[in-house]
S.K.: 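Can you read through this structure? Questions will come right after.
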Amino acid sequence: MTMAEKDSDSLWDTECMRAALDQAWKCVPSESAYSVGALLVDPKSNTVLATGFSREIPGNTHAEECALLKLADPSLARGSTCYSTMEPCGERLSGKTPCANLLVAAGVARVVVGIREPPFFVPSCIGTDLLRDSGIVVDYIQGMDDECLAPNKHLLPENKQ
């Protein structure tokens, strides 16, 4: 199986994704942004380096961005694994730096994703492509789609009034 085709199936990855999902549920729902959770982990020691969730830090921040900002030492991100409940953005309507670019610049080695970004705000997310094109391993967790989408149910067309 090639890197581009590989899906994550490890129990550790599932446990970390559940921790990222706990972060996503901390988000105050917004009609104009996703509720995402993220975790940065040192893969050598399985130590959580930082957590983050959408809009946790003022300034229209995304989950991965918050986790990176909360690192005591930014160099800790180099070689780390980022768990994100949704595909890191490759484009931001706000004009801020996309999370995929932030993860590349930080030196993250692997990103484990819960679900692809739905096309509610940006028609076609290119975060996965940007990460892989930069040499970052991207794996998708299997079997957690509904759980990872759940914090964003208010954005689904069938739930809009």
S.K.: Measuring only between side-chain heavy atoms, which start at C-beta, is Cys82 closer than 4.5 Å to Leu40?
M.R.: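 The answer is yes, as the side chains (C-beta and beyond) meet within the 4.5 Å cut-off.
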S.K.: Side-chain contact, heavy-atom cut-off 4.5 Å: Val111 with Pro88?
M.R.: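 Of all side-chain heavy-atom pairs linking Pro88 with Val111, at least one is under 4.5 Å.
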S.K.: Sort and list the pairs that fulfil ring pair (Phe, Tyr, Trp, His ring centres under 6.0 Å) and have at least one residue in residues 35-63, not counting sequence neighbours.
M.R.: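 Matches after skipping sequence neighbours: none remain.
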S.K.: Please walk me through it: do Ser124 and Glu91 pass side-chain contact (heavy atoms from CB on, under 4.5 Å)?
M.R.: CA-CA 9 Å; Ser124 181; Glu91 176 184 352; over 6 Å; no
S.K.: Calculate, to the nearest 0.5 Å, the distance between atoms SG and CZ belonging to Cys66 and Arg55 respectively.
M.R.: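 Here the rounded value is 9.5 Å.
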S.K.: Starting at OG1 of Thr14, measure out to OH of Tyr83 and round the result to the nearest 0.5 Å.
M.R.: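 It comes to 9.0 Å.
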S.K.: Identify whether Val104 and Leu68 are in the same connected component of the hydrophobic contact network (ILVMFWY, side-chain heavy atoms under 4.5 Å).
M.R.: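 Same cluster: Val104 reaches Leu68 through Ile, Leu, Val, Met, Phe, Trp or Tyr contacts under 4.5 Å.
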S.K.: Minimum heavy-atom separation for Ala77 to Leu71, with atom names?
M.R.: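 In this case the closest contact between Ala77 and Leu71 is CB-CD1, 3.6 Å.
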S.K.: Answer whether the closest heavy-atom distance between the side chains of Asn101 and Ser134 falls below 4.5 Å.
M.R.: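 Side-chain contact under 4.5 Å: no.
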S.K.: Does Val48 belong to the same Ile/Leu/Val/Met/Phe/Trp/Tyr cluster as Val112, with side-chain heavy atoms less than 4.5 Å apart forming each link?
M.R.: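 Linked within one cluster.
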S.K.: Using the ring-ring contact (aromatic ring centres under 6.0 Å, His included) criterion, which residues pair with Tyr34? Sequence neighbours excluded.
M.R.: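 Partners of Tyr34 under the ring-ring contact (aromatic ring centres under 6.0 Å, His included) test: Phe121.
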S.K.: Are the side chains of Glu117 and Cys89 in contact, using a 4.5 Å heavy-atom criterion?
M.R.: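 A side-chain contact under 4.5 Å exists here.
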S.K.: Shared ILVMFWY cluster between Leu69 and Leu102, side chains joined below 4.5 angstrom?
M.R.: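 No, Leu69 does not connect to Leu102 through the hydrophobic network.
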S.K.: Under 3.5 Å, side chain of Thr85 to main-chain N/O of Ala20, donor-acceptor pair present?
M.R.: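 Such a contact is absent between Thr85 side chain and Ala20 backbone.
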S.K.: Can you check whether Arg110 reaches Asp13 side chain to side chain, under 4.5 Å on heavy atoms?
M.R.: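 A side-chain contact under 4.5 Å exists here.
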S.K.: By salt bridge (charged side-chain N to carboxylate O under 4.0 Å, His left out), which residues pair with Glu65, not counting sequence neighbours?
M.R.: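 Residues passing salt bridge (charged side-chain N to carboxylate O under 4.0 Å, His left out) with Glu65: Arg92, Lys96.
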S.K.: Do Leu149 and Val122 belong together in a cluster built from hydrophobic side chains that touch within less than 4.5 Å?
M.R.: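 Same cluster: Leu149 reaches Val122 through Ile, Leu, Val, Met, Phe, Trp or Tyr contacts under 4.5 Å.
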S.K.: Do Met86 and Leu130 share a hydrophobic cluster, counting only Ile, Leu, Val, Met, Phe, Trp and Tyr and linking them when any side-chain heavy atoms are less than 4.5 Å apart?
M.R.: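 No, no single cluster joins them.
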S.K.: For the residue pair His154 and Ser30, what are the closest heavy atoms and their distance?
M.R.: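 Taking His154 first and Ser30 second, the nearest heavy atoms are NE2-O, 2.8 Å.
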S.K.: Counting neighbours of CG on Asp73 that are heavy atoms of other residues, nucleotides or ligands and sit closer than 6.0 Å, is the number greater than 12?
M.R.: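 Counting neighbours around CG of Asp73, more than 12 heavy atoms of other residues, nucleotides or ligands fall under 6.0 Å, so yes.
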S.K.: To the nearest 0.5 Å, how far apart are CG in Asn152 and CD1 in Ile115?
M.R.: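 Taking CG in Asn152 and CD1 in Ile115, the distance rounds to 6.5 Å.
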